[in-house]
Amino acid sequence: MTGPPGSARDPYYPAGGNGGYDVSHYDLRLKYQPTTDLLEGTATIIATATQDLTRFNLDFGLAVSEVRVGGKKARFATSGDHELEVTPADPPAKGGPVAVVVRYAGKPSELKINGWTAWARTPDGGVAAQEPESAVWWYPSNDHPLDKATYDISVSVPDGTQAISNGVLQSQSSKLGRTRFTWRSDKPQATYLSTLAIGRFDITTDRTADGPPVLNAYSKDLGPHAGAARASIERTTEVAEWLTGVFGRRVEGHWIKEGFARYSQWLWSEKEGEGTAQELADHAYAQHPADDPFWEVEPGDPGPDDQFDIAVYDRGSLALQALRNEVGEDTVHDHGDRGGHAGHSGQDGHSGHARHDARGRTGTGHR
C-alpha cells in the first residue's frame with residue numbers, strides 16, 4: 001500500500017503531511033556555510049508504519065542525494081512543490097518500525113514554494129522560524145502539526161558562529177575551524193515549532209526560579225539601539241518566570257495559545273503600569289465597528305485563509321478578559337495552568353476542551 005501524500009483529513013493543510021506512518025523522532029546532522037547559504041544534512045527519521053508501506057512521501061524541498069530505509073538504499077523521486085516520494089527495497093509492515101535516512105544539500109533561501117521562503121538569510125547566517133510551515137526548507141519530515149516528535153539537532157558552523165535550536169544544548173565542540181552545536185528537545189513538538197538560528201550572537205543563560213533554562217541570544221551588531229535591545233532581551237527570564245507563575249506551561253490549541261499569548265502581553269503591561277488589561281481590551285474592542293469583518297472570523301475555526309487573522313489573537317484575549325471579569329483572576333490563571341483543557345495534556349487542544357474546562361471550573365454554564 002502507498003502512504004498518501006497530503007492531509008486530506010485536514011482542510012487547513014491539505015498539502016501538508018503524509019499518511020501511512022507516524023514519526024516519533026528526528027535526528028538531524030547539519031553543516032552550514034553562512035557565506036554561501038549552503039546547507040548540507042543527513043536526517044534520520046524514526047517512525048511507525050500505520051499501514052503496509054510499499055511507498056511513502058516526505059515533505060521536503062532541497063536536493064536529495066540518497067535515501068535509505070531500514071539500512072537499504074531506496075528509490076526516490078520528487079513531485080509537486082515539496083513531495084519526496086520514497087520506495088523502500090523492503091516495504092515496512094503495518095505496526096513495524098520505519099527508519100529513514102535522507103542525505104541532502106541546497107541553499108534554503110533560494111527555495112521558493114508558492115512564491116515565498118521560510119528561511120530568512122541574514123548577514124551572518126540564517127533563521128528558520130515560520131508558522132505553520134518551515135521544516136520543508138531545511139529537513140525532510142511529515143510536515144503536519146498533528147505529527148509531533150522529539151528532536152536531536154546537531155549543526156556544524158564556522159568558528160565564531162553559533163547555531164541555536166530547540167531544547168537544551170547537549171554539547172559544543174570545535175575542530176578544524178568549525179564548531180558543532182548539538183541540541184536535544186525531548187518533548188514531542190510539531191514540525192513548524194522546530195527552529196534554527198545561525199549567526200554571530202552574544203549569548204547569556206539563566207534559569208527561572210523553578211528550574212527551566214532560559215537562553216538569551218542577540219546579534220553582535222544591533223546598531224544604534226543595541227543597549228535598549230539587550231536590556232529588553234535580558235528581561236526574558238523575568239517575563240518567562242512571571243508568566244509561568246500566572247498561567248503555567250501547558251497552553252495548547254492555536255487560538256487558545258495565541259489568545260493566552262496576546263493576553264499575557266496585556267497582563268505584563270498591567271504589571272508594568274503601562275495600561276491595564278481592561279484598558280487594552282477596551283482599546284482592541286473599539287478598533288472594530290460592528291460591521292467589521294473582524295467579528296465574522298471564528299477564532300476556534302477561522303478557516304484556512306484566516307487562521308492567522310488578528311481576530312484569532314485579539315478575540316481570544318478579549319474572551320479571557322471577559323472571563324476574568326466574570327469569575328475572577330485566580331480562576332482564569334488556573335484555567336491557563338491547566339492548558340485550557342484539563343485532562344488533555346500532551347494532546348492538541350481545541351475550543352471544546354476550553355469551553356468544557358471553563359464551564360466545569362466556574363459553574364457559570366458559559367458557552
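All values below were derived from every heavy atom in this structure, side-chain atoms included, with hydrogens, water molecules and symmetry-related copies excluded. This is a predicted model, so every value here is computed, not measured.
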Next on the checklist: Between Y139 and S194, do the side chains contain a donor N or O and an acceptor N or O under 3.5 Å apart?
Outcome noted: yes
Next on the checklist: One thing to verify: whether E110 and K112 come together as a salt bridge, which I'm taking to mean a side-chain N less than 4.0 angstrom from a carboxylate O.
Outcome noted: no
Checklist entry - Does the pair R324 and E326 meet the rule for a salt bridge (Lys or Arg N to Asp or Glu O under 4.0 Å), with working shown? => result CA-CA 5 Å; R324 183 192 193 192; E326 183 73 20; over 6 Å; no
Item to check | Flag, side chain of R103 to backbone of A43, donor-acceptor distance under 3.5 Å | outcome: no
Checklist entry - Would you say the side chain of R262 lies within less than 4.5 Å of the side chain of I310, judging by non-hydrogen atoms? => result yes
Checklist entry - Parallel, tilted or perpendicular: which describes the rings of Y32 and W119, with under 30° parallel and over 60° perpendicular? => result tilted
Checklist entry - When you look at OH of Y285, are more than 12 heavy atoms from neighbouring residues, nucleotides or ligands closer to it than 6.0 Å? => result no
Checklist outcome for this item: Rounding to 0.5 Å, atoms CD1 (I45) and OG (S141) come to a distance of 7.0 Å
Next on the checklist: Quick one: does any side-chain atom of N57 pair with a main-chain N or O of E85 as donor and acceptor, under 3.5 Å?
Outcome noted: no
Next on the checklist: Using side chain to side chain contact (heavy atoms under 4.5 Å, CB included), reason through T122 and V127 one step at a time and then give a plain yes or no.
Outcome noted: CA-CA 7 Å; T122 65; V127 177; 4.3 Å; yes
Checklist entry - Closest heavy-atom contact between D59 and G17? => result OD2-N, 3.1 Å
Next on the checklist: By the ring pair (Phe, Tyr, Trp, His ring centres under 6.0 Å) test, which pairs, at least two apart or in different chains, include something from residues 82-114?
Outcome noted: F60-Y104
Checklist entry - Ring centroid separation for W138 and Y192, is it under 6.0 angstrom? => result no
Checklist entry - Where the side chain of S185 meets the backbone of D152, is there a donor-acceptor pair that is under 3.5 Å apart? => result no
Next on the checklist: Between Q321 and N325, do the side chains contain a donor N or O and an acceptor N or O under 3.5 Å apart?
Outcome noted: yes
Next on the checklist: Could you tell me if D314 and Q287 have a donor-acceptor pair between their side chains, going purely by distance under 3.5 Å?
Outcome noted: no
Item to check | Pair T191, D143: side-chain N/O donor-acceptor within cut-off below 3.5 Å | outcome: yes
Checklist entry - Do Q33 and T35 have side-chain atoms, one donor and one acceptor, less than 3.5 Å apart? => result yes
Checklist entry - Side chains of W137 and T117: donor-acceptor distance under 3.5 Å anywhere? => result yes
Next on the checklist: Quick one, D282 and Q278 - any side-chain contact, counting heavy atoms below 4.5 Å?
Outcome noted: yes
Checklist entry - For the atom pair OH (Y313) and CG (L318), what is the distance rounded to the nearest 0.5 Å? => result 15.0 Å
Item to check | Taking every non-hydrogen atom, the tightest pair across A93 and A49 | outcome: O-CB, 3.4 Å
Checklist entry - Do any N or O atoms from the side chain of S269 and from the backbone of G275 form a donor-acceptor pair under 3.5 angstrom? => result yes
Next on the checklist: How long is the straight-line distance from CD1 of I153 back to OG1 of T182, given to the nearest 0.5 Å?
Outcome noted: 10.5 Å
Checklist entry - Is a side-chain N or O of N166 found less than 3.5 angstrom from the main chain of L193, in a donor-acceptor match? => result yes
Item to check | Derivation of the side chain to side chain contact (heavy atoms under 4.5 Å, CB included) call for V102 and T42 | outcome: CA-CA 6 Å; V102 181; T42 300; over 6 Å; no
Checklist entry - Going by atom types only, do D22 and T48 share a side-chain donor-acceptor pair under 3.5 Å? => result no
Checklist outcome for this item: Nearest heavy-atom contact between A311 and P299 is O-CG, 4.2 Å
Checklist entry - Hey, does P92 have a side-chain heavy atom less than 4.5 Å from the side chain of V98? => result yes
Next on the checklist: Looking at V157, is its backbone amide N or carbonyl O close enough to the side chain of T161 to form a donor-acceptor pair, meaning the two atoms are under 3.5 Å apart?
Outcome noted: no
Checklist entry - Step by step, would you call I203 with Q162 a side chain to side chain contact (heavy atoms under 4.5 Å, CB included)? => result CA-CA 9 Å; I203 297 175; Q162 290 84 35; 3.7 Å; yes
Next on the checklist: Can a donor-acceptor pair be found, under 3.5 Å and without considering hydrogens, that links the side chain of D147 to the backbone of V23?
Outcome noted: yes
Checklist entry - Taking all atoms of both residues into account, what is the closest heavy-atom pair of L53 and G20, and its distance? => result CD1-O, 3.5 Å
Next on the checklist: Could you tell me if the side chain of R315 sits less than 4.5 Å from the side chain of F294, heavy atoms only?
Outcome noted: yes
Next on the checklist: Can you tell me how far apart CG (L320) and OH (Y263) are? Round to the nearest 0.5 Å.
Outcome noted: 6.5 Å
Checklist entry - Any donor-acceptor pair under 3.5 Å linking the side chain of E270 with the backbone of A277? => result yes
Checklist entry - Does some side-chain heavy atom of P88 sit less than 4.5 Å from a side-chain heavy atom of F56? => result yes
Checklist entry - Can you name the nearest heavy-atom pair linking P302 to V297, along with the distance? => result CB-CG1, 3.6 Å
Checklist entry - Where do Y151 and R184 land on the side chain to side chain contact (heavy atoms under 4.5 Å, CB included) test, with the steps shown first? => result CA-CA 6 Å; Y151 285 80; R184 173 168 294 169; over 6 Å; no
Please tabulate, for the side chains in residues 167-174, all donor-acceptor contacts under 3.5 angstrom to protein atoms that are two or more places apart in sequence or on a different chain.
{"from": "Q170", "atom 1": "NE2", "to": "V168", "atom 2": "O", "distance (Å)": "3.2"}
{"from": "S174", "atom 1": "OG", "to": "T179", "atom 2": "OG1", "distance (Å)": "2.8"}

Next on the checklist: Could you work out, with side chain to side chain contact (heavy atoms under 4.5 Å, CB included) as the rule, every residue matching T78, not counting sequence neighbours?
Outcome noted: L84
Checklist entry - Rounded to the nearest 0.5 Å, what separation is found between the CG atom of D27 and the CZ atom of R29? => result 8.5 Å
Checklist entry - So, are D124 and R200 salt-bridged, with charged N and O less than 4.0 Å apart? => result no
Checklist entry - Below 4.5 Å, heavy atoms only, C-beta onward: do I164 and L196 meet side chain to side chain? => result no
Checklist outcome for this item: Residues K73 and A89: closest non-hydrogen pair is O-CB, 3.8 Å
Item to check | Reference residue V100; test side-chain contact (heavy atoms from CB on, under 4.5 Å); the match among T44, L58, I46 | outcome: L58
Checklist entry - Do any N or O atoms from the side chain of Q307 and from the backbone of P304 form a donor-acceptor pair under 3.5 angstrom? => result yes
Next on the checklist: Do L39 and L62 make a side-chain contact, defined as non-hydrogen atoms from C-beta onward lying under 4.5 Å apart?
Outcome noted: yes
Checklist entry - Is the closest side-chain heavy-atom distance between F76 and V64 below 4.5 Å? => result yes
Checklist entry - When you check the gap from the basic side-chain N to the acidic O, do R55 and E83 get nearer than 4.0 Å? => result no
Next on the checklist: Under 4.0 Å between a side-chain nitrogen and a carboxylate oxygen: does that hold for R178 and D159?
Outcome noted: no
Next on the checklist: Would you compute the distance between atom CG of D306 and atom CZ of F308 and round it to the nearest 0.5 angstrom?
Outcome noted: 11.0 Å
Checklist entry - Are any side-chain N or O atoms of S317 and backbone N or O atoms of G259, one a donor and one an acceptor, separated by less than 3.5 Å? => result yes
